[in-house]
Asker: 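Please see the structure below; I have some questions.
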Amino acid sequence: MTSSGNPYLTVRDLTVSFQGKGGEFHAVDRIGFELDRGEILALVGESGSGKSMTSLAVMRLLPQAARMSGRITIAGDDVASLPRRQMEDVRGARIGMVFQEPMTSLNPVLTIARQMTEGLIRHQGLSRKAALAAARSALDDVGFGEPDRVLSQYPHQLSGGMRQRVMIAAALALRPGILIADEPTTALDVTVQAQVLDLLVDLKSRLGSGILLITHDIGVVAETADRVAVMRHGRIVETGATDAVLRNPTHDYTKALLASHLTVEKALGLRPAEKGAPSRS
């Protein structure tokens, strides 16, 4: 899969496998894609298609039982075989991740300030005062009108949507070239979903971050992504510009996936009479 310009993230022949009673199982099977800064690439597919396992492989956060092969290049450096300690320096500084459920990532006994400043102090060598200022600015970037109040709070004191925005702010405070967002709107109500998606699009444009969006939701893909890669059984079966793939899919699986979403035309911002005149709402 080819992106425009010089890709910040390149994945080649990525395979993730597990050894089971019935032999070796490939959760991800020889896939490849590229992602530039300033664009959103959506990996879309049903549960079990391999999209989340792909994101964990890129972050080098796979379970111990997993075996990984292939090439992963971030900002020109091959990170697929980096030692653990060196990879820890790459995470956050060059590539960040927002997980599906923030409460699994946020420490319930630490304030938001403590959790947001730790990465800034480690990766950027900031003093605590400077890290707090950077955290405050990041929270402001994602729409918190009272960042000091949020910094003083604990995760359980925030709503689900607020926790998700905190996670996005924490990741983007380090200004990574790439942000992976794994099902970032799952379990959020429709209004908050829209706010989070608008935020990702805004941050892509304003900060120039590339975003790898993991989702099963065709509506989310249509609303946010510049390009899309459709996954099935661990393989990428179709790729291309979002509008082109959603309007004229070529692979049978993509067609079936779209057919299962009865609101795809609504997601594309079309009325039935306007199929020849695409427009984004």
Asker: Return the CD to CE distance between Q195 and M162, rounded to the nearest 0.5 Å.
Answerer: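 The distance works out to 11.0 Å.
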Asker: In plain terms, say whether R94 and D89 are close enough for a salt bridge, that is, a side-chain N and a carboxylate O under 4.0 Å apart.
Answerer: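 A salt bridge is absent here (no side-chain N lies under 4.0 Å from a carboxylate O).
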Asker: Heavy atoms only: give me the nearest V16-A66 pair and the separation to one decimal.
Answerer: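 Heavy-atom minimum between the residues: CG1-CB, 4.1 Å.
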Asker: S52 versus D182: any side-chain heavy-atom pair under 4.5 Å?
Answerer: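 A side-chain contact exists here, since the closest heavy-atom pair is under 4.5 Å.
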Asker: Between D141 and R175, does any side-chain N to carboxylate O distance fall below 4.0 Å?
Answerer: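 Here D141 pairs with R175 in a salt bridge, since their nearest N and O are under 4.0 Å apart.
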Asker: What class does the angle between the rings of H251 and Y253 fall in, given that below 30° is parallel, 30 to 60° is tilted and above 60° is perpendicular?
Answerer: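 Because their plane-to-plane angle is over 60°, the rings of H251 and Y253 count as perpendicular.
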Asker: Which atoms form the tightest heavy-atom contact between I95 and I180, and what is the distance?
Answerer: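 Here I95 and I180 meet closest at CD1-CD1, 3.9 Å.
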Asker: Can you check side chain to side chain contact (heavy atoms under 4.5 Å, CB included) on L9 and F33, steps first, answer last?
Answerer: CA-CA 8 Å; L9 169 67; F33 59 87; 3.9 Å; yes
Asker: At what distance, to the nearest 0.5 angstrom, does CD1 of I214 lie from CG of L43?
Answerer: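 These two atoms lie 4.0 Å from each other.
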Asker: Using side-chain heavy atoms (C-beta onward) and a distance below 4.5 Å, is V142 in contact with L203?
Answerer: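 V142 reaches L203 side chain to side chain.
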Asker: Less than 4.0 Å between a side-chain N and a carboxylate O, is that true for R71 and D13?
Answerer: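 Salt bridge flag = no for R71 with D13.
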Asker: Do E183 side-chain atoms and H216 backbone N/O form a donor-acceptor pair below 3.5 Å?
Answerer: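 Confirmed, E183 side chain pairs with H216 backbone.
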Asker: Which value, rounded to the nearest 0.5 Å, describes the distance between R30 atom CZ and T15 atom OG1?
Answerer: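 Rounded to the nearest 0.5 Å, the CZ-OG1 separation comes out at 6.5 Å.
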Asker: In the single-linkage hydrophobic clustering (I, L, V, M, F, W, Y; side-chain heavy atoms under 4.5 Å), do V28 and F18 co-cluster?
Answerer: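 Yes, same cluster.
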Asker: Can we say K51 and E46 salt-bridge, meaning some charged N sits less than 4.0 Å from an Asp/Glu carboxylate O?
Answerer: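 Salt bridge between K51 and E46, a charged N being under 4.0 Å from a carboxylate O: no.
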Asker: Is any side-chain heavy atom of Y8 closer than 4.5 Å to a side-chain heavy atom of I74?
Answerer: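 Yes, their side chains come closer than 4.5 Å.
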Asker: Which pair of non-hydrogen atoms, one from T242 and one from A222, has the smallest distance, and what is that distance?
Answerer: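 In this case the closest contact between T242 and A222 is CG2-CA, 4.1 Å.
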Asker: Show the nearest heavy-atom pair for residues S17 and E24, with the distance to one decimal.
Answerer: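 Of all heavy-atom pairs spanning S17 and E24, the closest is OG-OE2, 3.1 Å.
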Asker: Should we count CZ of R85 as having more than 12 external heavy atoms under 6.0 Å?
Answerer: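 No.
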Asker: Would you confirm whether R60, through its side chain, and V79, through its main-chain N or O, come within 3.5 Å as a donor-acceptor pair?
Answerer: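 Confirmed, R60 side chain pairs with V79 backbone.
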Asker: Measure across L120 and A135 and return the closest heavy-atom pair with its distance rounded to 0.1 Å.
Answerer: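 Answer, listing the atom of L120 first, then A135: CD1-N, 4.0 Å.
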Asker: Could you check whether any side-chain heavy atom of L41 comes within less than 4.5 Å of a side-chain heavy atom of T239, counting everything from C-beta outward?
Answerer: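 Side-chain contact under 4.5 Å: no.
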Asker: Side-chain contact, heavy-atom cut-off 4.5 Å: R163 with H156?
Answerer: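 The answer is no, as the side chains (C-beta and beyond) never meet within the 4.5 Å cut-off.
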Asker: Mind checking whether P184 and L200 have side chains closer than 4.5 Å, heavy atoms only?
Answerer: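 The answer is yes; the side chains approach within 4.5 Å.
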Asker: Less than 4.5 Å apart, any side-chain heavy atom of F99 and any of L106?
Answerer: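 A side-chain contact is absent here, since even the closest heavy-atom pair is not under 4.5 Å.
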Asker: Is M97 reachable from L174 through a run of I, L, V, M, F, W or Y residues, each pair having side-chain heavy atoms under 4.5 Å apart?
Answerer: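 Cluster IDs for L174 and M97 differ.
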Asker: Taking V44's backbone N and O only, do any of them form a donor-acceptor pair with T215's side chain (distance below 3.5 Å, no angle check)?
Answerer: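 Here the side-chain-to-backbone pair does not exist.
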Asker: To the nearest 0.5 angstrom, please state how far the CE atom of M167 sits from the CG atom of L172.
Answerer: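 So the gap between those two atoms works out to 11.0 Å.
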Asker: Between CG of N107 and CD1 of I112, what distance do you get to the nearest 0.5 Å?
Answerer: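 The CG atom of N107 sits 10.0 Å away from the CD1 atom of I112.
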Asker: Do L199 and V150 sit in one hydrophobic cluster, given that two such residues count as connected whenever their side-chain heavy atoms are within less than 4.5 Å of each other, even indirectly?
Answerer: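 Hydrophobic grouping puts L199 with V150.
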Asker: Test side chain to side chain contact (heavy atoms under 4.5 Å, CB included) on M87 and V90 and set out the steps.
Answerer: CA-CA 5 Å; M87 188 62 201; V90 172; 4.1 Å; yes
Asker: Is there side-chain contact between T111 and L151, with heavy atoms separated by less than 4.5 Å?
Answerer: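 A side-chain contact is absent here, since even the closest heavy-atom pair is not under 4.5 Å.
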Asker: Examine M116 and L110 and state if one hydrophobic cluster contains both, with Ile, Leu, Val, Met, Phe, Trp and Tyr joined whenever side-chain heavy atoms are less than 4.5 Å apart.
Answerer: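 Different clusters: M116 never reaches L110 through Ile, Leu, Val, Met, Phe, Trp or Tyr contacts under 4.5 Å.
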Asker: For V166 and Q115: C-alpha separation, side-chain torsions, deciding distance, then whether side chain to side chain contact (heavy atoms under 4.5 Å, CB included) applies.
Answerer: CA-CA 10 Å; V166 164; Q115 297 185 64; over 6 Å; no
Asker: How far apart are the C-alpha atoms of R232 and T254, what are their side-chain angles, what is the distance that settles it, and do they pass the side chain to side chain contact (heavy atoms under 4.5 Å, CB included) test?
Answerer: CA-CA 9 Å; R232 184 191 188 201; T254 309; over 6 Å; no
Asker: Might you point out which heavy atoms bring I31 and I236 nearest each other, and give the distance in Å?
Answerer: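 Looks like CG2-N, 3.9 Å.
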Asker: Atom CD of Q153 and atom CG of D148: how far apart are they, to the nearest 0.5 Å?
Answerer: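 Rounded to the nearest 0.5 Å, the CD-CG separation comes out at 11.0 Å.
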